[in-house]
Asker: 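Have a look at the structure that comes next, please.
Residues: numbered from 1 along the sequence shown. The analysis underlying the following values was restricted to heavy atoms, covering all of them including side chains, and did not include hydrogens, waters or symmetry mates.
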Amino acid sequence: MASGFFSNDPLPAEARIACRVEYDGTAYSGWQSQPDEHVSTVQDRVESAFATICQQPVRVHCAGRTDTGVHGHCQVIHFDPGVSRSCKAWVVGANANLPPDIRIHWAVPVPAEFHARFSALSRRYCYVIANTPVRPALLLHRAAWARRPLDAAAMHSAAQALPGERDFSAFRAASCQSVSPMRNVEAVTVRRLGDLVVIDIAANAFLHHMVRNIAGALMLVGSGQRPPDWIADLLAAGDRTKSADTAAAEGLYLTGVTYPGHYDLPATPAVPALLWALRGD
């Protein structure tokens, strides 16, 4: 694991910096900056915080753009500051200029060829569902809600049709701008933790709304409205109109990004224990 990401030693002005960003996406119109200056995004807030430190505009690049209301537990970014500051200054200084629902957890120098998006080998998302008769107040905006009892084992079985390099057109948003619907899903698990049902999925990359569309379909399986083999049928048909509605954004978390080991980035931390402490078992 990389060390010294709270070092006070100044870095060269030409150094490229990578950071881990955590954010509650509830108040933001997604990660990416928008043309409308009245729309608040996570990227805008992060760039503004770094610009305050640099006294000049800063452009950041992320591992994966998240939608309105989606949360980032381990978003990775990089930027080229053009000024000399220490790793500690980037963390402490940025957090002093960020709202409390966005935090920088570490900053490390990386080689000039590192790119937060294009150097990534895979991304990992968790989709969290509160499976309770009444919507839980304490998980408002932090978990999706399903009133019908969900069979997590059936959902897990159905999800095993997803791993591999496949055409995910059945789970692709109509607005998706990706050139290809092909993605390589590495693994999917569905498990119950008390009142929570958690879908954990990793892939080389994801199409627009892909995880939320998969979650919506798996919830139909879990509630008994569709059989487990329906997921495989959807994949084979490749027809988005035959699938389920897109699941709510509030249940989705970007939980990790994997890079080649030679970049020596800090290890991805576990998902906050508080979320699991509220599961009710």
Asker: Measure the shortest side-chain to side-chain distance between Ser86 and Asp9 over non-hydrogen atoms and say whether it is less than 4.5 angstrom.
Answerer: no
Asker: Taking the six-membered ring where the residue is Trp, are the ring centres of Tyr28 and Tyr23 under 6.0 Å apart?
Answerer: no
Asker: Can you find a heavy atom in the side chain of His73 that is under 4.5 Å from one in the side chain of Arg20?
Answerer: yes
Asker: Is the shortest side-chain heavy-atom distance between Phe50 and Ile104 below 4.5 Å?
Answerer: yes
Asker: In Å, rounded to the nearest 0.5 Å, how long is the span from CG of Leu138 to CZ of Arg135?
Answerer: 13.5 Å
Asker: Rounded to the nearest 0.5 Å, what separates atom CD1 in Ile214 from atom CG in Leu162?
Answerer: 5.0 Å
Asker: Establish, from distance only, whether the side-chain atoms of Arg172 and Ser243 form a donor-acceptor pair under 3.5 Å.
Answerer: no
Asker: Let me confirm one number: the CD-OG1 distance from Gln75 to Thr66, rounded to the nearest 0.5 Å.
Answerer: 6.0 Å
Asker: So, do Cys74 and Val257 sit near enough that their side-chain heavy atoms are less than 4.5 Å apart?
Answerer: no
Asker: Going by heavy atoms in the side chains, are Thr189 and His156 under 4.5 Å from each other?
Answerer: yes
Asker: Do Leu207 and Phe171 touch side chain to side chain, with heavy atoms closer than 4.5 Å?
Answerer: no
Asker: Do Thr246 and Asn213 pass the side-chain hydrogen bond (donor to acceptor under 3.5 Å, both in side chains) test, and can you show the C-alpha distance, the side-chain angles, and the key distance before you say yes or no?
Answerer: CA-CA 5 Å; Thr246 303; Asn213 290 335; 2.6 Å; yes
Asker: What about Val42 and Ile53, same hydrophobic cluster or not, with Ile/Leu/Val/Met/Phe/Trp/Tyr joined at side-chain heavy-atom distances under 4.5 Å?
Answerer: yes
Asker: Can Met155 and Asp151 be said to form a side-chain contact (heavy atoms from CB on, under 4.5 Å), step by step?
Answerer: CA-CA 6 Å; Met155 295 168 68; Asp151 183 341; 5.8 Å; no
Asker: Any non-hydrogen side-chain atom of Phe114 less than 4.5 Å from a side-chain atom of Val108?
Answerer: no
Asker: Flag yes if more than 12 heavy atoms outside Asp229 fall under 6.0 Å of its CG atom; otherwise flag no.
Answerer: yes
Asker: Can you give me every donor-acceptor pair (side chain of residues 197-206, partner residue at least two apart or in another chain, under 3.5 Å) with its distance?
Answerer:
{"unit_1": "Asp200", "atom_1": "OD1", "unit_2": "Arg124", "atom_2": "NE", "d": "2.8"}
{"unit_1": "Asp200", "atom_1": "OD2", "unit_2": "Arg124", "atom_2": "NE", "d": "3.2"}
{"unit_1": "Asp200", "atom_1": "OD2", "unit_2": "Arg124", "atom_2": "NH2", "d": "2.4"}
{"unit_1": "Asn204", "atom_1": "OD1", "unit_2": "Asn184", "atom_2": "N", "d": "2.9"}

Asker: Rounded to the nearest 0.5 Å, what's the gap from CD on Gln34 to OG on Ser29? Could you check?
Answerer: 7.0 Å
Asker: If you round to the nearest 0.5 Å, how far is CZ of Arg212 from CG of Leu252?
Answerer: 7.0 Å
Asker: Working note: Arg142 + Tyr253, criterion side-chain contact (heavy atoms from CB on, under 4.5 Å); need CA distance, chi angles, decisive distance, verdict.
Answerer: CA-CA 9 Å; Arg142 290 174 178 82; Tyr253 293 76; 3.4 Å; yes
Asker: Give a yes-or-no answer on whether the side chains of Thr41 and Gln43 include a donor-acceptor pair shorter than 3.5 Å.
Answerer: no
Asker: With a 6.0 Å cut-off (strictly less than), is the heavy-atom count around CZ of Arg65, excluding the residue itself, greater than 12?
Answerer: no
Asker: Are Val70 and Leu254 side-chain neighbours, meaning at least one heavy-atom pair lies under 4.5 Å?
Answerer: no
